[in-house]
Amino acid sequence: LEPDDTGNRLRFQLELEFVQCLANPNYLNFLAQRGYFKDKAFVNYLKYLLYWKEPEYAKYLKYPQCLHMLELLQYEHFRKELVNAQCAKFIDEQQILHWQHYSRKRMRLQQALAEQQQQNNTSVK
């Protein structure tokens, strides 16, 4: 990506935004219900977007779960299931559970690190 190339920068921003939208199961349901996943050109576009999995691009993502969804969208069966609102609701609930677990685990790790640093500071004195 050439920083002075406005066209490439705009394309990068648009594709970044679109790829991250794929993290939203309700948006995937919206696309499925409107037949986007039956369009061969759109499915090919999803395949093209797999380049976002490369570290040089993935580092720009705020919602890395979009990469998992992008991977799943490569499968026709998954694309077909997304027409069902219950499927999108299930995915949404699973994401929330994952985030809650991750947040609690991260908080425990940070607490343990803070306690360890406090002990280290106490033993140094």
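These values consider heavy atoms only, across backbone and side chains, with no hydrogens, waters or symmetry-generated copies.
- In the hydrophobic clustering of this structure, Y48 groups with L70; members are Ile, Leu, Val, Met, Phe, Trp, Tyr whose side-chain heavy atoms approach within less than 4.5 Å, directly or through other members.
- Remark: aromatic rings of F12 and Y60 are close, center separation under 6.0 Å.
- Within 6.0 Å of the OH atom in Y75, the count of heavy atoms belonging to other residues, nucleotides or ligands does not exceed 12.
- Within 6.0 Å of atom CD in E76, 12 or fewer heavy atoms from other residues, nucleotides or ligands are found, so the atom counts as exposed in its surroundings.
- In the hydrophobic clustering of this structure, F30 groups with L28; members are Ile, Leu, Val, Met, Phe, Trp, Tyr whose side-chain heavy atoms approach within less than 4.5 Å, directly or through other members.
- Here the CG-CG distance, from L73 to L31, works out to 8.5 Å after rounding to the nearest 0.5 Å.
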Pair Y57-V19, side chain to side chain contact (heavy atoms under 4.5 Å, CB included): steps then yes or no: CA-CA 11 Å; Y57 294 99; V19 166; over 6 Å; no
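- By the 30° and 60° cut-offs, the orientation of the rings of F42 relative to Y45 is tilted.
- Around atom OH of Y36, no more than 12 heavy atoms belonging to other residues, nucleotides or ligands sit under 6.0 Å away.
- Heavy atoms only, all atoms of each residue included: D5 and N8 are closest at OD2-ND2, 2.9 Å.
- Sorted by first then second residue, the salt bridge (Lys or Arg N to Asp or Glu O under 4.0 Å) pairs that include residues 12-25, not counting sequence neighbours, are R11-E15.
- Summarising the hydrophobic clusters (Ile, Leu, Val, Met, Phe, Trp, Tyr; side-chain heavy atoms under 4.5 Å, direct or chained), the residues clustered with L10 are L14.
- Between A23 and Q65, the closest heavy-atom pair is CB-CG, 3.7 Å.
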Audit row: L50, Q74, side chain to side chain contact (heavy atoms under 4.5 Å, CB included) steps and yes/no: CA-CA 9 Å; L50 286 170; Q74 304 305 310; 3.8 Å; yes
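- Here the closest non-hydrogen pair linking Q20 and Y63 is OE1-N, 3.2 Å.
- Applying the salt bridge (Lys or Arg N to Asp or Glu O under 4.0 Å) rule to K38 yields no partners; only residues at least two apart in sequence or on another chain are considered.
- W52 has its ring centre no less than 6.0 Å from the ring centre of F18.
- If you take CG on N44 and CG on L49, they are separated by 11.0 Å, rounding to the nearest 0.5 Å.
- For Q118, the CD atom counts as loosely surrounded, since its 6.0 Å shell holds 12 or fewer non-hydrogen atoms of other residues, nucleotides or ligands.
- L22 is not listed as a side-chain neighbour of L67, based on a closest heavy-atom distance of 4.5 Å or more.
- Cluster membership check: M69 shares its hydrophobic cluster with L16, using side-chain heavy-atom separations under 4.5 Å among Ile, Leu, Val, Met, Phe, Trp and Tyr.
- For L82 against N29, the heavy-atom pair with the smallest separation is O-ND2, 2.8 Å.
- Under the 4.5 Å side-chain heavy-atom criterion for Ile, Leu, Val, Met, Phe, Trp and Tyr, Y27 and L72 are members of the same hydrophobic cluster.
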